[in-house]
Amino acid sequence: MKCDGADGGRQLTEGGPEAKPLGSTRVLQRSQPSVNMDNMENLFNPSLAAALKKLDPEDGEQIMEYFKTHALLSREKALLQASVREQKKLLVENAKLKKDIDQLRGQLQDKQKRRSAKALFSQAPPPHRVSPAHSTPDPTSPSGPAAAVPSCCPPPSVSSARPVSDPLSLGAESRIDASRLDLRVGRILSVRRHPLAEAMSVQDVDVGENSPRTVVSKLGWLQDLDQLPGSLGVFLCNVKASKMRGVASHGRLLCCCASDVITELLAPPSGSAPGDRITFLSYPGEPDGELSSKQRIWELLLPDLQVDSKGVANYKGSGFEVKGKGLCRAPSLTNCTIR
């Protein structure tokens with residue numbers, strides 16, 4: 001038995017193994033209703049299956065299974081294509097969102113920078129500090145050689161010698177370098193051993209002020225202390241006054257140390273005078289009126305105070321300089337520390 005398609009296509013033939021079980025695709029499409037992809041039992045009209053079995057009792061069931069498998073594959077392909085399109089759409093949206101987030105982050109950082117700069121400029125500038133070398137002497141104080149003679153009066157406090165800067169001034173706490181140290185050339189007027197400590201000595205020092213300062217140093221290792229009077233040294237003058245075994249010290253004498261027993265005084269350049277300020281070319285600025293003990297500025301800067309291979313004292317490669325007169329040096333030591 002033969003069944004011709006409406007378009008004269010291929011035939012469905014009932015017969016032996018050489019019979020062709022596939023009929024006209026167009027005929028099958030006209031005979032089936034709209035496909036419900038969610039219900040595989042109702043994927044094809046039952047009349048279509050009955051017609052195929054009637055046309056080809058042996059292979060009709062296999063033809064229906066082929067149609068169902070093809071329909072399932074088409075459905076899976078459509079779902080996969082939809083998933084790929086959705087994934088591409090999500091990737092594009094994610095890239096756009098990331099770009100928007102980066103732009104917003106940059107705008108926020110710019111606003112924070114402008115706000116910080118505005119807050120800094122709105123603060124008052126730090127008070128002007130007068131260098132001790134150019135301070136006006138008290139007209140009531142003695143002048144000439146008599147001013148260099150140690151008196152029985154107590155040494156002046158740090159606050160009376162120089163104006164104390166406000167620690168909350170702009171940049172006062174953020175700047176931690178050697179420019180905050182008030183280093184001056186001083187002349188040792190007299191030396192005596194500490195009455196309660198053999199390893200210490202007490203010096204009266206002229207650092208360019210109205211009256212000499214008392215400085216306690218660990219110079220007990222020196223056998224010839226009587227040769228120190230008249231010598232020049234480098235003194236840290238804005239440390240907080242403190243008592244050392246009962247004797248108040250108003251400064252610190254800087255020494256070059258290769259070891260605990262190999263030590264010598266740091267020497268200012270020739271031509272220096274008491275009160276000359278020691279500065280650093282790479283670190284300009286005025287020193288603090290008094291170093292804050294809480295900030296521990298001296299302890300933080302101490303590891304970077306060195307004597308190089310040429311014997312020149314420096315802070316991070318910038319030499320201890322007395323402007324117009326030269327650099328401070330160790331008399332004989334090289335590659336050692338300063339303390």
Side-chain angles (χ1 to χ4, degrees), residues 126-137 158 161-163 165 171-172 174-189 203 205-209 212-213 215 217 228 230-239 250-258 263-292 295-339:
H128 178 69
R129 302 182 182 92
V130 181
S131 175
H134 301 87
S135 59
T136 303
V158 175
R162 309 179 71 251
S165 62
S174 60
R175 175 174 55 91
I176 300 181
D177 55 51
S179 66
R180 298 183 66 174
L181 303 178
D182 183 9
L183 295 174
R184 306 186 216 168
V185 175
R187 185 182 301 278
I188 301 175
L189 303 176
Q203 302 96 42
V205 184
D206 176 17
V207 289
E209 297 173 336
R213 291 191 181 207
V215 177
S217 305
L228 288 180
S231 302
L232 294 177
V234 177
F235 293 85
L236 178 62
C237 297
N238 60 343
V239 291
H250 298 268
R252 187 183 186 96
L253 174 62
L254 269 59
C255 297
C256 309
C257 304
T263 305
E264 56 190 20
L265 303 185
L266 181 61
S270 59
S272 300
D276 284 349
R277 171 87 189 282
I278 295 171
T279 58
F280 302 86
L281 182 61
S282 301
Y283 301 93
E286 293 294 327
D288 294 4
E290 180 178 280
L291 294 178
S292 173
Q295 292 183 342
R296 300 178 63 85
I297 302 298
W298 172 250
E299 288 77 5
L300 292 174
L301 299 179
L302 193 58
D304 295 313
L305 303 179
Q306 304 283 338
V307 174
D308 61 18
S309 59
K310 298 181 180 180
V312 177
N314 67 87
Y315 167 76
K316 292 185 177 181
S318 183
F320 286 50
E321 180 182 8
V322 178
K323 288 185 179 180
K325 298 180 181 179
L327 300 173
C328 299
R329 298 175 178 271
S332 62
L333 297 178
T334 58
N335 297 320
C336 61
T337 61
I338 298 174
R339 64 185 182 186

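One is the number of the first residue; the rest follow in order along the sequence. As the structure is a computational prediction, the values presented were derived from the model and not from experiment.
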Review point. Can you name the one residue among Leu253, Leu305, Val234 that meets side chain to side chain contact (heavy atoms under 4.5 Å, CB included) with Leu266?
Key: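 Output: one option passes, namely Val234.
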Practice item. Tell me, please, which residues at least two apart from Arg252 pass side chain to side chain contact (heavy atoms under 4.5 Å, CB included). Key: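 So Arg252 forms a side chain to side chain contact (heavy atoms under 4.5 Å, CB included) with Leu236, Trp298.
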Point to revise | Residues in salt bridge (charged side-chain N to carboxylate O under 4.0 Å, His left out) contact with Arg296, at least two apart in sequence or another chain | key: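 Result, salt bridge (charged side-chain N to carboxylate O under 4.0 Å, His left out) vs Arg296: none returned.
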Check your understanding: What pairs meet the side chain to side chain donor-acceptor pair (under 3.5 Å) rule with one or both residues in residues 305-326, with sequence neighbours excluded?
Key ->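 Only Asp276-Lys325 qualify under side chain to side chain donor-acceptor pair (under 3.5 Å).
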Practice item. State which residues pass side-chain hydrogen bond (donor to acceptor under 3.5 Å, both in side chains) with Ser179; sequence neighbours excluded, sorted by chain then number. Key: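 Here the qualifying residues are Arg175, Asp177.
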**Study point:** Partner set under side-chain hydrogen bond (donor to acceptor under 3.5 Å, both in side chains) for Ser270, not counting sequence neighbours
**Key:**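 Result, side-chain hydrogen bond (donor to acceptor under 3.5 Å, both in side chains) vs Ser270: none returned.
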**Study point:** Sequence neighbours excluded - ring pair (Phe, Tyr, Trp, His ring centres under 6.0 Å) pairs with any residue from residues 320-339
**Key:**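 Checked against ring pair (Phe, Tyr, Trp, His ring centres under 6.0 Å) - neighbours excluded - the pairs reaching residues 320-339 are Phe280-Phe320.
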Flag the pair [X] / [Y] as yes when at least one side-chain heavy-atom distance between them is below 4.5 Å, and no otherwise.
X	Y	answer
Leu333	Val307	no
Leu228	Leu265	yes
Pro287	Leu181	no

Review point. Under the salt bridge (Lys or Arg N to Asp or Glu O under 4.0 Å) rule, what pairs show up with a residue in residues 330-339, not counting sequence neighbours?
Key: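 Found Asp260-Arg339.
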Point to revise | Nearest-0.5 Å distance that lies between atom CG in Leu291 and atom CG in Asp182 | key: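 Nearest 0.5 Å value for the CG-CG distance: 8.5 Å.
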Exercise for review: Indicate yes or no: does Asp288 engage Arg180 in a salt bridge with an N to O separation below 4.0 Å.
Suggested key: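 Salt bridge between Asp288 and Arg180, a charged N being under 4.0 Å from a carboxylate O: yes.
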